[in-house]
Each structure stands twice: as structure tokens, then as C-alpha cells.
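Reviewing the structure listed below.
Since we're looking at a predicted model, the values are computed, not measured.
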Amino acid sequence: MAETSDPPMANTDANRVEVIGPQFCAPYAIDLSIINKVMTLKDGAFQVLDVNENVVFSVKGMIFSLRERRVLVDGDGTPLVTFQQKLLSAHNRWQAFRGEGTDPKQLLFSVKKSALLQFMKTKLYVYLATNTKEEVCDFKIEGSWMEKSYIIYASNSTEIAKMHKKFTASSMLVGKDNFGVTVSANVDFAFIVALIVILDEINEE
């Protein structure tokens with residue numbers, strides 16, 4: 001299937017991106033490391049570390065079920081976002097809700113593929129909950145999962161985060177998939193991590 005042209009992007013403030021909370025918006029760029037233990041299904045197999053190697057986020061609920069569901073928690077184990085795959089979605093849509101649960105009133109954003117079939121490259125459209133018509137997307141994710149190389153763009157096509165592969169001796173020996181993420185200043189880095197969790201789920205299917 002040929003991929004359709006990109007929809008226009010919503011006109012939001014690219015200088016500050018706040019979706020999950022203001023406490024996750026730093027006035028400087030943030031570097032994070034993501035470790036995905038690909039050989040296990042245990043909770044905490046997907047972890048996010050800061051530059052001091054402290055765990056700042058992890059993902060719970062890695063056991064597969066009829067309806068996929070994951071929960072992003074902070075370093076203290078407090079639930080921040082619940083992810084759920086929408087059933088019977090042609091473009092593999094995932095929804096993200098505030099806290100732990102899937103109350104429609106707590107919907108934060110949704111993510112879907114730009115086209116049903118994608119091969120070497122991935123392109124995802126992100127719609128905030130307030131964007132009910134979805135005539136334009138609020139954010140866009142483009143790149144290659146094989147290379148772990150992605151860029152997340154804001155509404156005016158400004159780059160707000162970049163993801164890249166990290167090779168370490170330990171990752172090759174113990175079945176870890178490591179990659180780094182640089183989040184621009186004044187961008188909600190919890191939101192960026194949430195997008196990467198969904199990106200990981202979509203590409204692992």
C-alpha cells in the first residue's frame with residue numbers, strides 16, 4: 001500500500017510541550033538511556049535511566065493479554081500513564097490515559113501509524129485528546145526501528161526529541177536493547193518516553 005502524504009500539523013506552541021506534567025519540563029536538554037531487556041517479560045524490563053544511571057521511569061504490565069495494556073511509572077513506582085491498544089483499529093492505534101486506568105475522561109493522547117503497511121521506515125501520527133477531529137496531527141514520529149533512529153517533531157516540524165542506538169558490551173551479552181534519547185529544553189520528557197513505549201510496542205508486533 002502506498003503511503004499517503006502527511007496531514008498538516010496542528011499549530012501548538014513548539015517552545016514548550018507539556019502533556020503529562022510541568023515537573024517533566026526542564027529548561028535545558030535532557031539525555032536519557034532506555035534499556036529494554038528483550039529476553040524477559042517481567043515488570044521493569046523496560047527502564048529509563050538519567051545521566052547518573054538512576055531509574056526515572058519503568059513500564060509495568062509486560063504480560064501479554066487479549067488487550068495489550070502497559071503502565072508507565074516514575075522512579076518511585078507512581079503510575080503516570082496507562083497505554084492500551086485500541087481494538088479493531090486499522091492503523092494500529094494506541095491510546096494513553098493519565099494515571100492507572102483507562103477512563104475515557106483521562107485520555108491524554110493517541111498514536112497511530114500513518115499507513116497500515118510500513119516496512120523499513122516507521123511514521124506515526126500523535127493526536128492530543130483535545131484534538132477530537134484529528135484533521136491535523138499534533139506531533140509526528142519518523143525513523144527506523146531497526147537502526148533505533150527516530151526524530152519526534154512538534155506541530156511546526158521543529159525537532160523536539162531524537163532517539164539513537166547505544167551499543168555496549170553488556171547489552172550484547174545479556175539480551176538488552178539499549179538506546180539513548182535527547183529531549184529538547186522545555187519539552188515534557190515523560191511524554192517523550194510515553195511515545196517511545198508505544199513506538200516499541202508497535203514495532204515489536
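Residues V48 and V193 come closest through the heavy atom pair CG2-CG1, 3.7 Å. Residue R93 comes nearest to Y127 through the heavy atom pair NH1-CD1, 4.4 Å, listed as atom of the first residue, atom of the second, then distance. Between H164 and F179, the shortest heavy-atom contact is O-CB, 3.0 Å. Considering all non-hydrogen atoms of both residues, L107 and A129 come closest at O-CB, 3.1 Å. The two residues A161 and S184 come nearest to each other via the heavy atoms N-OG, 4.4 Å.
No side-chain donor-acceptor contact under 3.5 Å links N52 to the backbone of N54.
Taking 4.5 Å as the limit, some side-chain heavy atom of T102 sits within range of a side-chain heavy atom of R69. Contact of the K113 side chain with the I202 side chain is registered, since non-hydrogen atoms from C-beta on lie closer than 4.5 Å. No side-chain heavy atom of V73 sits under 4.5 Å from any side-chain heavy atom of T78.
Side chain to side chain, T158 and N156 meet the donor-acceptor criterion of an N or O pair below 3.5 Å.
Atom OG of S58 and atom CG of L72 lie 7.5 Å apart (nearest 0.5 Å). A distance of 10.5 Å separates CG in L80 from CD in E100, rounded to the nearest 0.5 Å. Going from atom CD1 of I34 over to atom CE of M163 covers 6.5 Å, rounded to the nearest 0.5 Å. L108 contributes atom CG, which lies 9.0 Å from atom CZ of F83 (distance to the nearest 0.5 angstrom). Rounding to the nearest 0.5 Å gives a distance of 9.0 Å between CZ of R70 and CD of Q85. Atom-to-atom distance recorded for K162:NZ and I152:CD1 is 12.0 Å, nearest 0.5 angstrom.
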Distance-only donor-acceptor hits, side chain of residues 20-31, under 3.5 Å, sequence neighbours excluded:
residue	atom	partner	partner atom	Å
D31	OD1	T182	OG1	2.7

side-chain contact (heavy atoms from CB on, under 4.5 Å) between F189 and D50, intermediate numbers included
CA-CA 11 Å; F189 56 90; D50 62 16; over 6 Å; no

After noting the C-alpha distance and the side-chain angles of Y150 and T122, does the key distance pass the side-chain contact (heavy atoms from CB on, under 4.5 Å) rule?
CA-CA 9 Å; Y150 278 91; T122 302; 3.0 Å; yes

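Under the 4.5 Å side-chain contact rule for hydrophobic residues, F57 and V71 do not share a cluster.
For residues 18-29, the set of pairs meeting the salt bridge (charged side-chain N to carboxylate O under 4.0 Å, His left out) definition, not counting sequence neighbours, comprises R16-E18.
Checking L195, I198, D138 one by one against V126, the side chain to side chain contact (heavy atoms under 4.5 Å, CB included) holds for a single residue, L195.
F191 is linked by a ring-ring contact (aromatic ring centres under 6.0 Å, His included) to F109, F139, counting only residues two or more places apart in sequence or in another chain.
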